[in-house]
Amino acid sequence: MAIQKPSHTFTKIHLKALRTNNFKILFALSFTVFINTFSFAQDIPKPTDSIKPTVKDSVVVNAKDFVKNEAPDEKAQDSTTTDSIKPKKELLEHIVRYSAKDYTSFNQKKQKLFLYNDAQIDYGDINIKSGSIVIDYSTNTVYAKGILDSVGTYSQAPVFTQGQNIVEPDSIVFNTQTEKALIYNSKTEQSGGTVIAQVTKKENDSVYFIHRGKYTTAEDLDDPEYYILLRKAKIVPGKKIVTGLANLFIYEVPTPIGVPFAFFPQSEKQTSGVLIPTFGEQNDRGYFLQNGGYYFAINDYVDLAVLGDYYTNGSYGLRLENTYAKRYRFRGNVGFRYENLITSERGFPDYGKSTVYNLRWSHSQDSKANPSSRFSASVNLGSSTYYRQSVNQINTGAFLNNTLSSSVSYSKTFEGEPSVNYSVTATHSQNTNTEQINMTLPTFQGNVSRIFPFAPKNGSKKGIIQNINFQYSVRGENRIQTTDSLFFKKEMFDDAKTGFQHSIPISTNFKVFKHFSLSTSASFNEVWTFKTIDKFYDNLTDEVITETVNGFDAFRTYNFSTSLGTTVYGMFNFKKDKENPKIHAIRHVIRPSISYNINPAFDKYYETAEVINADNLTAADIEIIQNENNLEYSRFDGGLFGTPGKNFSSSMGISIANNFEAKVRDKDSTATEPKKVVLLNNLNFSTSYNFAGDSLQWSPVRMSGGTQLFDNKLSVNFGATLDPYALDNNNRRINKFNVNNGGSLFRLTSANMTMSYSLSSSKKDGSENRNQGRAIQENLRSGGRDDDLFGVSEDFSRQNEDADSKKEEEPSAFYNFKIPWDLRLAYAVNYSNNTRQNEISSHSLMFSGNIELSPKWSVGASSGYDLKNKGFTYTQLRFERDLLSWKMNFSWVPFSTRASWNFFIGIKSNILKDLKYEKRRQPDQQL
């Protein structure tokens, strides 16, 4: 093989020629080397005074460094074309390429090549960069080290690269023939950690031996805040680190935390392994192990974590956590949690045993996977008391959840004209307070897009005829209503309701007097059901008996509606004689609309319950009994899609929508136009009048509104219900206006207002980064909030997994001249006065915030105050200390039935996250 010299061209002579006895060839070789050496030496730059080379400014060219130039044609001289003797392996298997910034110097006598300043050598997959490199051809070794500048600073330390492995030592000795090396004071990154070794022996390209090495995940490698001292260790890059006696050092101070031997798996891929549990003690369940188990790296697309909890009083828990993903197709996760909880000891009066469980599934499909079909899932179901009774700290942030909901859906679209689409959805809604569960298993929805039979082939549709359109939709449901105790039992399906609803709406719209939009529509509906009812009146027991009739039945209805609406713009301009007024103008947009609906009476679907056990009664007596007990009913009562209307309905609806905006002076003096500010996003009023009603023809006026203030940081929403009718002495509505009864024009029967305010010291919302944290994601998956108003999960060891993503550029490591903070407030009040109770039904304030007292210290709190019952709600106080490579957390719930605290300190890095200490005080036993 050959050495290529980038700066000069040398005559190349085949190495085989050196082994011949031909005197002429040797003479030619010597003469050629002399001529080239003389010409090359003239071009070597003279070193500066501050950098004195240790060798003479001469060049020695070893004959081994040259390759063939003009060798005799051996093929012509030898008649044997095939050599039976296997050729000897050449000394150098690869081409050596080298370069240096200042000079390259050959010393013929010492058989050495000197490279100085930004020296670099490439040999196969090996690359060495250093300030100074010396190649000794007599021993086939390479010496690399840094250089000292004029002020004595050591710089340009060697960087040794072989394949994917990078070593940064103080100096290195490398043998090109055996590829063994001695590396001094090296720093090698190994799967997220760094090995700092005084002496490293490189055995080959896959094995390193080190003496008194330091393994750390610290960023400051010159002064690591901690390390694990490996007295003797073997490193197989990308696979493992095996060491003998090792113990933990914190700022060069040894600790008794150590092991006689250790094995560090090193892999860039997912690997299976043991998950170290958390140790602790609970007052009423004894000592415990939590969140310990095994992680299965099944393949590149699917994994599984099996975790378990065990308490010495017999309680235990099981968790299965699965994540799956396929790029550009889908991703999701599945989790199942089960806890068997035992309270106190068997034989004591407060002994109790209960089981709770929770199932979660989230699936999302990439939009580019299949544009015409889509599958998604969001499932969160289980025991209503799971989050309240669970003793695992991972569920702390979900303690206040009172609703569990699920949805699994598949939709498919068939392109064309008209297009057809359908969807199949299974839903679940569960109230954890009442333990009531509503499910649809499943819901089928099919639609045919709008068809305009009279629309022109080209151009826009104009007029009443061209805008006529109709469509078709069908909806089918299998609805189940049950409770926790009957969930997925036979009784759960006995009362299931199944039915279909077909709907064909026909509509059109057109302009009236240029500024009014008029739309009319008629709709035909047909409902199929598979269960109806029969009612009987038992004359002997004086009770109504309802029987369920299985079998297909159907009813058909139709209605007509029309609406007229317009948009009115109003502008109020302020006086222009005033120089640069703060408010330039206020714009008011009004959208009034009037609608009219007709619903015919479908009394043919109504009948009177039969009176049984009435042998001694006449027909007149039976009719009296039927009228007195109001036994008229429809066999479709209680159906999925309602009951056909018995009475004729003719009603008018009135609604007014308002929007207020202002143009104000911009704070930016360079702005040429005023700034637009929204005063009220909406302020809506609606009511209706029933022409066919005999009394109480006006419905209550419903008012709602909302706005955003202070650069959209304060969100305000409010609503109220105003009843025009009065109440009698029994607090029942009567057909008399309240104003005619000595009262005001309207009675305020209910009102509500909610406000949320979010602000921070930075321009960005302070909750933005936290929403990406594992604790907030855990809250969302549990059906909770996307902020920390209800607290966050206390599984701090799992939160370490995203700690590295929170690195930010800090202005100072010691002084935080701007204290970052964020605050979120949520206020809600509800007023009720339907029956003159005149009370605040609920009144609460929730708040959460975080303050970064220093670049390494932060505190946070989540709490609330019940203004009606005069007491604080569920409260969580948080303290966090960033210890560079370590993290310390303290969470405290000071009062309530969940009063507890949790202390944690551990390493952030994933590879050493099980090196931690955690201490907790669980809630006291409740008597």
Side-chain angles (χ1 to χ4, degrees), residues 115 118-136 139-148 153-249 251-252 262-268 885 909 911-912:
L115 309 176
D118 288 338
Q120 180 173 340
I121 289 180
D122 287 306
Y123 178 69
D125 64 341
I126 297 173
N127 174 269
I128 302 176
K129 297 179 180 180
S130 182
S132 174
I133 298 178
V134 178
I135 304 176
D136 191 334
T139 58
N140 300 312
T141 55
V142 177
Y143 303 89
K145 63 178 182 179
I147 60 175
L148 297 175
T153 302
Y154 187 79
S155 62
Q156 296 189 32
V159 178
F160 179 85
T161 305
Q162 184 172 16
Q164 300 295 326
N165 302 319
I166 301 176
V167 184
E168 299 181 14
D170 285 348
S171 59
I172 185 173
V173 180
F174 175 71
N175 189 293
T176 59
Q177 186 174 7
T178 63
E179 295 191 0
K180 295 183 178 181
L182 285 178
I183 305 170
Y184 300 92
N185 297 325
S186 64
K187 299 173 184 176
T188 309
E189 183 178 355
Q190 295 292 332
S191 300
T194 303
V195 178
I196 305 172
Q198 295 179 357
V199 180
T200 302
K201 180 181 179 182
K202 176 182 173 296
E203 188 67 22
N204 50 52
D205 60 350
S206 61
V207 177
Y208 292 81
F209 295 95
I210 63 174
H211 175 63
R212 296 191 67 82
K214 301 176 182 178
Y215 184 81
T216 182
T217 59
E219 295 184 13
D220 187 1
L221 299 180
D222 295 329
D223 184 22
E225 65 269 20
Y226 89 99
Y227 62 83
I228 299 173
L229 181 62
L230 314 177
R231 287 166 174 79
K232 290 183 179 180
K234 176 182 177 180
I235 301 177
V236 180
K239 293 185 178 180
K240 60 185 176 181
I241 298 178
V242 182
T243 178
L245 180 62
N247 66 300
L248 179 66
F249 279 65
Y251 279 111
E252 300 295 340
F263 176 84
F264 297 87
Q266 305 287 307
S267 177
E268 299 297 334
S885 300
S909 175
I911 195 169
L912 294 177

Is it the case that the ring center of Phe160 lies less than 6.0 angstrom away from the ring center of Phe174? yes

To the nearest 0.5 angstrom, please state how far the [atom1] atom of [X] sits from the [atom2] atom of [Y].
| X | Y | atom1 | atom2 | value |
| --- | --- | --- | --- | --- |
| Ile128 | Ile135 | CD1 | CD1 | 8.5 Å |
| Gln156 | Lys145 | CD | NZ | 13.0 Å |
| Ile133 | Ile121 | CD1 | CD1 | 4.5 Å |
| Asp118 | Lys129 | CG | NZ | 9.5 Å |
| Gln162 | Glu179 | CD | CD | 6.0 Å |
| Asn127 | Ile166 | CG | CD1 | 9.5 Å |

Do [X] and [Y] touch side chain to side chain, with heavy atoms closer than 4.5 Å?
| X | Y | value |
| --- | --- | --- |
| Thr200 | Thr188 | no |
| Tyr208 | Ile183 | yes |
| Gln120 | Val159 | no |
| Ile241 | Tyr215 | yes |
| Arg212 | Leu229 | yes |
| Phe209 | Lys232 | no |
| Asn185 | Gln198 | yes |

Any idea which heavy atoms bring [X] and [Y] closest together, and the distance?
| X | Y | value |
| --- | --- | --- |
| Thr217 | Gly193 | CG2-CA, 4.1 Å |
| Ile172 | Pro169 | CB-CG, 4.3 Å |
| Pro158 | Ala144 | CG-O, 3.6 Å |

Would you confirm whether [X], through its side chain, and [Y], through its main-chain N or O, come within 3.5 Å as a donor-acceptor pair?
| X | Y | result |
| --- | --- | --- |
| Glu225 | Ala218 | no |
| Thr216 | Tyr226 | yes |
| Tyr154 | Gly146 | yes |
| Lys234 | Val207 | no |

Working for side chain to side chain contact (heavy atoms under 4.5 Å, CB included), residues Lys187 and Asp222: CA-CA 10 Å; Lys187 299 173 184 176; Asp222 295 329; 2.8 Å; yes

Quick one: side-chain hydrogen bond (donor to acceptor under 3.5 Å, both in side chains) partners of Ser130, sequence neighbours excluded? none

With Thr141 via side-chain contact (heavy atoms from CB on, under 4.5 Å) - residues at least two apart: Asp136, Thr139, Tyr143, Asn175

